[in-house]
Amino acid sequence: MIGARSIAEPTIKDTIIHRMDPRAKILVLISTAFVAVTLDNPKTMFLLFLIVLSGFALARMPAIKLKTLTLLLVLLIWGTIYSQALFYSQLPRTVIFTILDPDFPVLGWLTNGGLFVYEEGLRHGAIQGLRSASILSLGLLMCWTTDSRDMLNGLVGLRVPYSVAFMVVTAVRFLPIIITEVVTVVTVQRLRGFNPKRFGSGIVKTSLNILTPTLSNCVRRTGTLAVSIQSRAFRANPDRTYLKKLKFSELDKAMVTVCIFAAISIVTIKLLYNMYTSGIYYTSGLRPVYAIARGYL
Amino acid sequence: MIEIKDLWYTYPGRTEPTLKGVNLKIEEGEFVLLTGPTGCGKSTLLKTLNGIIPHESGGIFSGSIRINGIETRDSNQMELSRGLGLVFQNPDDQIFSTTVEDEVAFGPENLCMEREEIDKKVEEALQMVGMSGHRPESTNSLSGGQKQRVCIASMLAMMPEILAMDEPVSQMDPMGTQEVLNTVRELNRKLKITILLVEHRLHELASFADRIVIMDGGKIIFDQPASKAFDNLEVFHRLGLRVPEPVEFCHRLGIRASPLSVREALAVLNRKNFKENMKTPQLFPDPGEDTEAQSEAQSEARAGSPENNDSIENNGPIGKNDSIIDIRDMWSGYEKNRMVLKGINLEIRRGERVAVMGTNGSGKSTLLLNLAAMLKPYKGSVKVFGEDTKSRNPYSFAGRVGFVFQNPDLMLFCDSAEEEARFGPVQLKYKNIEERARTSLEAMSILNLKQDLPQSLSRGQRLRTAVASVLSINPEIILLDEPTTGQDRVNIEQMMDYFKNNHSTLVFCTHDIEIAMLYATRILVMNEGRIIADGKGREVIKNIEILRKASLTQPPVVEIANYLGVDAFSVTELVEILTPGSSEVINVEVINSEVINSEVINSEVINSEVINSEVINSEVINSEVINSEVINSEVIKC
Amino acid sequence: MKNIVFFFLVLMLAIQPAAAEEFKPEDMTTFMLQVPHGVEGNGLAVGGSNLSAYLFFESYYEGNMNVTMELDFPEGFVLRDTPVHSFSLQTEYEDWYRLVDFYVPADISPGTYNITATAVVEVEGNKHTIVRGTRLKVASREEIAGEIAVSGLTVPSDEDGYGDHSHPASTLVIRETSPALKKLLKVTDLQLDREELTSTYIGVELTNKGDSTVPVIITYDVLDIKTEEPVKAFKPAIMGMNADTLCYATVTLSPGSSSLVSLPLYISEGAMGGEYLLRVKVKLTGSDWVAVTKDQKITAISRKWGPIIITLVSSLLGLTAVSLFFSRSKEIMDRFKTRNLVLIALFGTVSFAAINLPMTILWELSHAVFGPFSFLFTGLFHEILLYMLIASLVVLIPKPGVVSLFMMVRFLLGGFITGSFTPITFITLSLSAVVLEVLMYAAGITGKNPAPENRFRMGVICGIADMASGYASFSVWMVLYRLFYSDWYIMANILIDGFLYTFIGAWFGISLGNRLKKVAE
C-alpha cells in the first residue's frame, strides 16, 4: 500500500540530483513548468517527460518511490485521458461509446446533447497528460531528493520572508503528527459505530467530526509552541542570521542557466509564434523562428 | 538571579487574578522545584519570567520581576531570552523544525549571532544534553526523551543562566524521564545553571532539587530547602501532593528523616541498624505463600494499595475458560519486512485487567490495534470473542470493543459531553440511549458538565469525557492506550477505580508501574515485539532484569523492601510487614470474617501491644501508634 | 460667275438632307456567338452538360433594321429554346442578346462540333447575311480532367486570392469570444471581431493546359477529415441565405493560362478547432460533374479570448499580490502575533493532511470511477472541508491577510511535499486569496471592527470567491494545459462545487470556529 509517507518523505542519498542546491532545484522546476505549459509538439513533450524521468534514475530512487510515482502518474494521466475523452471538442472526433444519450431526460438537456467517449479525446488526453506528468514528476523528484528544511533555506535564499518560511517549516514538521491524529480521529469514530462512508449520515457531520478534535488540538498546541518560539527571540530582531549557507556549485549554475535560458527561449518563441498565428504580429525576419515553433515546439 | 516581588496577574477576560502577590527569590545555581495542585498558577508564573506575560498576552499585571537585575516589564524579549530559557511539558509542542540542528540553531539565529558562533553554540548545547550525535537527524525520528533534551539544548544554545521548565517529564516514558532529569541535574551541578522546575510529580523529582516551593491559589504557601521540606507532610497531604516514597515510608515508621531517594532511605535505615534489628521474616506471614490472600484483604480494607493480585476468580461469577481474546503466534506490523510484533501468544479472559508495559516502540500500541481488529496479523491468528479477525471488517467489533486513545482530545468532537456519550449508542442504534449516556457520565463524575463543550474542558475532564463516550456503548472489553500520559493522578485513579469496581475487562498500556501494580490483575512486559514477561504484578516487578529491558525501575519502596529482604509492593504494605500488628489484624479479619468489629479492635490492640514490645526501636513506637489508629478506623469502616 | 457656281455647290452639299448611307453589314454591326457563354474562341464541354450559347447583336447603323437570327447546332445536340429569333433594332448602338440553352447529351461522341449562327439583316428592303461560327469541343471526362488542374491553393488568402506570409499556411483561426467579453470590447471600442462570423478567403489557382477555353465554377467544402462529411460551422447561413449561394466563383480559363480566384470562407463561432479537409471542386460551367477536386488538410485553431484573458488577468493579479506581499512583508507579518502565525501554519497542515493528501489519489480515482460527475463527490470533501477551515480560521483570527497567509502555506506545503509548484495551483490559490481578502474586508468580516460570525455573509463571500477561482482554474486548464471542458460542465462545477458546497462549508465553519474559540480561551 502506498501511504502518505511514501508520498511525503524524501530519500537521503548522495547523488548528483541530491547534491543540487535547493534554489537551483526550485528554479529548474519553475523553468520546466514554463516549458511544459508552452510546448505543443507531442514528441517534444514526451522528450521532456523522458528527461524528467531520467532524473529519477540519476537520483537512484528506491522502488517504493518509483512505485508511488507510477501510481500517481497513471492516475493523473488516466484522469486527463478520461476527462478529455468526454470533453474533446475538436474535429475529427469519433464516438466509441455513448455515456449519456442526448434524448436522456434532464441529463441529456443538461449536458447539452449527451455525453460520449471520443477516440481522439483519449489520444489528446494522453498527450496533454504528459504536460502535467512532467511537472508532477519533476516536483516529486525535487521533493524526494531534498530535505524540506533545505528547500526552505532555498526559499529564504530566494527572498521569501523568514516568517513565511517559519510557518512552512512548522507546517511540514507537524504534518506526520497531524496525519496520525486525523487517522486516529477517524478510527475513534468508527470504533464508536460511525461510518463516514455512509452518505446519509452527512458529509458535513463527518467533516466537523474530523476537524473539531484535530483543530482543537492544534489550537491548544499553538499556545505552547508560540511561547516556546517567542522565548527563543523569534522576530525579536528585524533581521536574523542563518547557520546554513547555501552554495551554488558550478554545476548548479550551469544547470540553472541552461534551464532558464531554454525556458525563456521556448516561451518567447512560442509567444511569437502564437502572435503570428493569431495575426497579432508578424515579421518575415522571424520565419525561421516560426518554423522551429511549428516543427518542434 | 530571579527576584519576584508582589506579583499580581489577571488574564485578559478574567476577573479573578491567577497570581496573587507572589514573592520569590532564587539564587544563582539553585535548583528549585515549584509544585502545587493543578490550576495553582505555577505555569503562569513561569510565563512571566521571560516576559511573555505581560508583553505578549495582555491582561492586568502588577509587581516586579527582575531577572539578573533586569526588570522584565521594561526589557525586550531578546534580552530576556538570553537570560532565561523556557522548556515545556510536551516536546512535540515545542519543536517546530524538522531537524535537530535547525531547532537548536533557531535561537542563536534570531539573536543574530555569526555563523561560526551559531555552529559552536549548537554543538555545545547538544553536547551539554548528550545529543551531539543526533545533530543532523529529523526531529520526528527522536524518542520523547531525546526530543525534550533537544528542547533544552535549543534553550541552552542561547546561553541562558536560568532554565525554567514546566513539567518537562510528565509526558515521557521512564527512559525519557531518566534521560531528561539526568541532563537537567548535570546542567545544574556542572554548569551551575539555575533551574526552576515546575512539576506535580513531586515524589519523583524532589531528590533533584535544592529547594521546594509550593503554590496554591496563586500564592506561594511553602518555601523550604529540599532537605527540610518533608519534615511536616501535612501541607503535602492537604494539597494532594504525593511525597517521595522513602519519605512516606520513614514518616510512617516514625523515623525522623526525610530521605528523598532509596539510597538516602537505606542510609537512614542503616544508621538505625534497621535491617539487623528487624524481626526475621519467619515471624511474619510468609509472603510467598500468602500474598494473594493478604492482598485480597488489603483490597477490601484500603484503597490505594497494590492489589494486582486480585485474581479474576475473585471478581464475580466468571468462568476460567471465558476467553475473550486468543492470540496464537501472531506476527504483525505496518511493513512486510519490518514486523513490530513477533510471535505473540496471549489469552485474555473476561474480567482481567491487563497492563501492557514496555518502552516506546516495543509494540504495545500495535498489540492494542490487533486486539481491536483494526490491524490484521501478518501471520498467526487473533481471535476476538471467538472470531478470527482476519475474516472480519476492521470495525466490525465497533460497540463490543472500546478504545481510549493516548490523546483523549482526539476523541472529542461533539458539541457537549452528553452528546459525546450519546454518539456511540446512537450510531450503533442501541436502546435506552439517554440512560446509557447518563450512567456513563455519572460514572466519570461529569454529569454536571454534560452541557459543556468537551474540547474546552480541563485536561482531566476531557479524559473522563472520552472514557464516558466509550463506556456508554458498554463494550465487552476496553483498551486504553497510555491513558496516564500527561494526566493528573487523580483523574487516572478515578477512571481506573471505576473499571476495577465494575470488573471491566481491560487492557491498558502504561509506563506507570505504580498504576499497573495498583490496577492490573496481570502485567505483560513487552520488548522488541515480544512478550518477555506475563504474570501477576508482584511476580513481574521482582524481576529486575525484565524491568531493565523495558526501561522500568522498581518503585523505591520495592527496592527498600528488597534490601530489607521482604516482599512488599507499597509503602503501606512494607510498613505493615515491618509493624506486623497491622498485618495480624488483617489475617485475623480474613480468617474470622464474621468476627464483630469490637473483637477485631481488641485483637488488634493486643497484637499491637505484643509487637510493640517486640520492637526495640523507640522511634518506631510512635509511628506504630499512628498506624494502628489508621488501621483501626479502616477496620471499623469494614 | 464661276465663283458663284462653286459657292452654291458647296452650299448645296452642306444643306442637302443626308442621303441614306450604304449599309455595310460587317462594319455596322457586331455579331457574336459564344458557345458556351463566356467563352471567346473555341469552347469545351463534356457530355451531359446543360449549357447556354450566347448570341449578341449590336447595330451601328442609324436606320431601322430587322434581324432574323438562326442558330444551328450539330445533330445530337438538344436545343432547349427556339433556334430562330427575330428582332428589330431602331437606332445606332441598340443591341440584342439572348442566351440559348442547349444540352449536350451524355452519349454524344467526343469530337469537335461546329456551331453556327446566321443573322439575316434586312435594311431598307435589302437583306444581308452574316454568319458566325464557333467550334465546341466535346471532350471525354478523362481528357478534361487532364487539362484543368488546381495548381495552387492558399488558405487563408487575401481578397484577391494571394497568400500572406503573415498568416500561417493552411491554418484557420477561430476567434471565439464570450458574450461578456464582446460587450466589453464594444464598450471599449476595441473590436476584435467585426461580425459574429470570422471570414477569410481561399485563393485557388487554376490552370488550363488544353487548347480550349473552359468556363468553370469553383466551389469548396470543409469536410470532417475522417468521415468526409461537410462541417456546417464552415458554411453557416448568412443573413438567412445558404452559404453555398455565396461561396463560389466562376472563371473562364483561356487555353494554356492560369487564373487565380478567391473564395470567401466563413467560420461560425461554434466551429471547433481541429484538422479538416478543404475540398475545392471545379466544375465545368453547365455541368454538375466535378471535373477537378483538390483536397488540402487544414488546421483550425480555436482561439478563445475569454479564457486567455482570464488566465492572463488572474496570473497578473496573483503576481501583483505576491510582489506586493514581498515588498511589504515585514509590515504585513508584524500585524500577526507569533501564535497567529503558528495557528495559520497548523491550519495549513490540517488542510494538507485532511484535504490535499487524500485528494492526491482520491481525486483521480473518483475521476476514474465517476467520470465527469466526480466533482459532485470530490467537492463534498474538498470544498466543504476547505471552507470549514478557512471560515473557522477567520473566526479565530479576523485580520486582513489571514487567508492569504493560509493559502501561501498551503501552496508552499504542496510544493514541498508533493512538488505541486504548478502554475495552476499558483493562479487559483492566489486568485481566491485576493478575492477572499478583498470581499471579506469590504464586508467587514476582517478589518478594524471585525464581525466574522455572520454565517450567511461568510457563506456568500466564500462562494463568490470560490466561483471566481474555479472559473479561472478552468480557464487556466484550457489555456495553459490545452484541455477541453464543456460549458455545462464548467457551469455545474462552479455552481455546485464553487458555490453550494463552499457555502455549506463556510456556514458550518463558523460553528467550528466558535467552538475552537472556546478551546483557545
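Convention: sequence-line order gives letters A, B, ...; per-chain numbering from 1. The basis for the numbers below is simple: all heavy atoms, side chains too, and nothing from hydrogens, waters or symmetry mates.
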Heavy-atom proximity to chain C below 4.5 Å, by part of A/Arg173: neither
Which atom of C/Asp224 lies closest to which atom of A/Pro92, heavy atoms considered: OD1-CB, 3.3 Å
Side chain to side chain donor-acceptor pair (under 3.5 Å) assessment of A/Thr212 paired with C/Arg515: CA-CA 8 Å; A/Thr212 307; C/Arg515 274 195 215 176; 3.0 Å; yes
Side chain / backbone / both / neither for A/Thr38 at chain C, heavy atoms under 4.5 Å: backbone
Main-chain N/O of C/Leu343 paired with A/Arg221 side-chain donor or acceptor, under 3.5 Å: no
Among A/Ala171, A/Gly139, A/Ser132, A/Gly121, residue most engaged with chain C (heavy-atom pairs, under 4.5 Å): A/Ala171
Between A/Thr283, A/Ile26, A/Asp40, A/Ile177, the one whose heavy-atom pairs under 4.5 Å with chain C are most numerous: A/Asp40
Candidate pair A/Val164 and C/Ser329, rule side chain to side chain contact (heavy atoms under 4.5 Å, CB included), full reasoning: CA-CA 9 Å; A/Val164 174; C/Ser329 65; over 6 Å; no
Contacting region of C/Ser486 [heavy-atom separation from chain A under 4.5 Å]: both
Which portion of C/Ala300 sits near chain A, non-hydrogen atoms under 4.5 angstrom: backbone
Heavy-atom check, side chain of C/Leu483 versus side chain of A/Tyr88, under 4.5 Å: no
Non-hydrogen side-chain atoms of C/Met333 and A/Tyr162 separated by less than 4.5 Å: no
Interatomic distance, C/Thr338 atom OG1 to A/Arg232 atom CZ [nearest 0.5 angstrom]: 11.5 Å
Segment of A/Val160 engaging chain C (4.5 angstrom heavy-atom cut-off): both
Inter-residue atom distance A/Gln90.CD - C/Tyr276.OH, 0.5 Å rounding: 7.5 Å
C/Lys330 versus chain A, the contacting section by heavy-atom distance below 4.5 Å: side chain
Side-chain (A/His124) to main-chain (C/Arg482) donor-acceptor, under 3.5 angstrom: yes
side-chain contact (heavy atoms from CB on, under 4.5 Å) partners for A/Ile127, two or more places apart: A/Pro42, A/Met45, A/Arg123
For chain A, the option from C/Lys518, C/Met388, C/Arg339, C/Met491 that forms the most heavy-atom pairs under 4.5 Å: C/Met388
Within-4.5 Å side-chain heavy-atom neighbours: C/Leu341 and A/Phe234: yes
Contacting region of A/Ser284 [heavy-atom separation from chain C under 4.5 Å]: neither
C/Leu346 CG to A/Arg220 CZ distance, which is reported to the nearest 0.5 Å: 13.0 Å
When A/Leu155, A/Thr146, A/Ile229, A/Leu136 are compared by non-hydrogen pairs under 4.5 Å with chain C, the top option: A/Leu155
A/Phe174 side chain reached by C/Val350 side chain, heavy atoms, under 4.5 Å: no
From A/Ile178 atom CD1 to C/Phe352 atom CZ, the distance as rounded to the nearest 0.5 Å: 12.0 Å
Contact origin within A/Phe166 toward chain C - heavy atom pairs under 4.5 Å: side chain
Portion of C/Val479 that has a non-hydrogen atom of chain A nearer than 4.5 angstrom: neither
Proximity breakdown for A/Leu39 and chain C, heavy-atom pairs closer than 4.5 Å: backbone
Part of C/Ile384 within contact of chain A (heavy atom distance under 4.5 Å): side chain
A/Pro176, part contacting chain C, at a heavy-atom distance under 4.5 Å: neither
Leading residue by heavy atom contact count with chain C [cutoff under 4.5 Å; candidates A/Leu225, A/Ile30, A/Leu211, A/Val172]: A/Leu211
Which portion of C/Phe508 sits near chain A, non-hydrogen atoms under 4.5 angstrom: both
Heavy-atom proximity to chain A below 4.5 Å, by part of C/Tyr501: neither
Heavy-atom proximity to chain C below 4.5 Å, by part of A/Glu120: side chain
Portion of A/Leu208 that has a non-hydrogen atom of chain C nearer than 4.5 angstrom: both
CZ (A/Phe34) with more than 12 external heavy atoms under 6.0 Å: no
Side chain to side chain contact (heavy atoms under 4.5 Å, CB included) between A/Phe87 and C/Asp487, worked out: CA-CA 10 Å; A/Phe87 298 127; C/Asp487 288 342; over 6 Å; no
Among the listed options C/Phe326, C/Trp477, C/Phe421, the residue most often paired with chain A at heavy-atom distances under 4.5 Å: C/Phe326
Flag if over 12 foreign heavy atoms under 6.0 Å of CZ, C/Arg335: yes
Intermediate values then yes/no, side chain to side chain contact (heavy atoms under 4.5 Å, CB included), A/Arg93 and C/Met272: CA-CA 11 Å; A/Arg93 55 180 186 181; C/Met272 286 190 235; 3.2 Å; yes
C/Phe484 backbone acceptor or donor facing A/Gln84 side chain under 3.5 Å: yes
C/Leu396: which of A/Thr222, A/Val219, A/Leu215 passes side-chain contact (heavy atoms from CB on, under 4.5 Å): A/Val219
Contact class of C/Ser392 relative to chain A, heavy atoms under 4.5 angstrom: side chain
Closest-packed option against chain C by number of heavy-atom pairs under 4.5 Å, given A/Val182, A/Thr170, A/Val168: A/Val168
Region of A/Leu29 in contact with chain C, defined by heavy-atom distances below 4.5 Å: side chain
Selection from A/Ala36, A/Ala226, A/Ala85, A/Ser89 maximising heavy-atom pairs under 4.5 Å formed with chain C: A/Ser89
Segment of C/Ile504 engaging chain A (4.5 angstrom heavy-atom cut-off): side chain
A/Arg131 vs C/Thr422, side chain to side chain donor-acceptor pair (under 3.5 Å): CA-CA, chis, key distance, verdict: CA-CA 11 Å; A/Arg131 205 186 295 282; C/Thr422 61; over 6 Å; no
Distance (rounded to the nearest 0.5 Å) between C/Leu405 CG and A/Ser163 OG: 9.0 Å
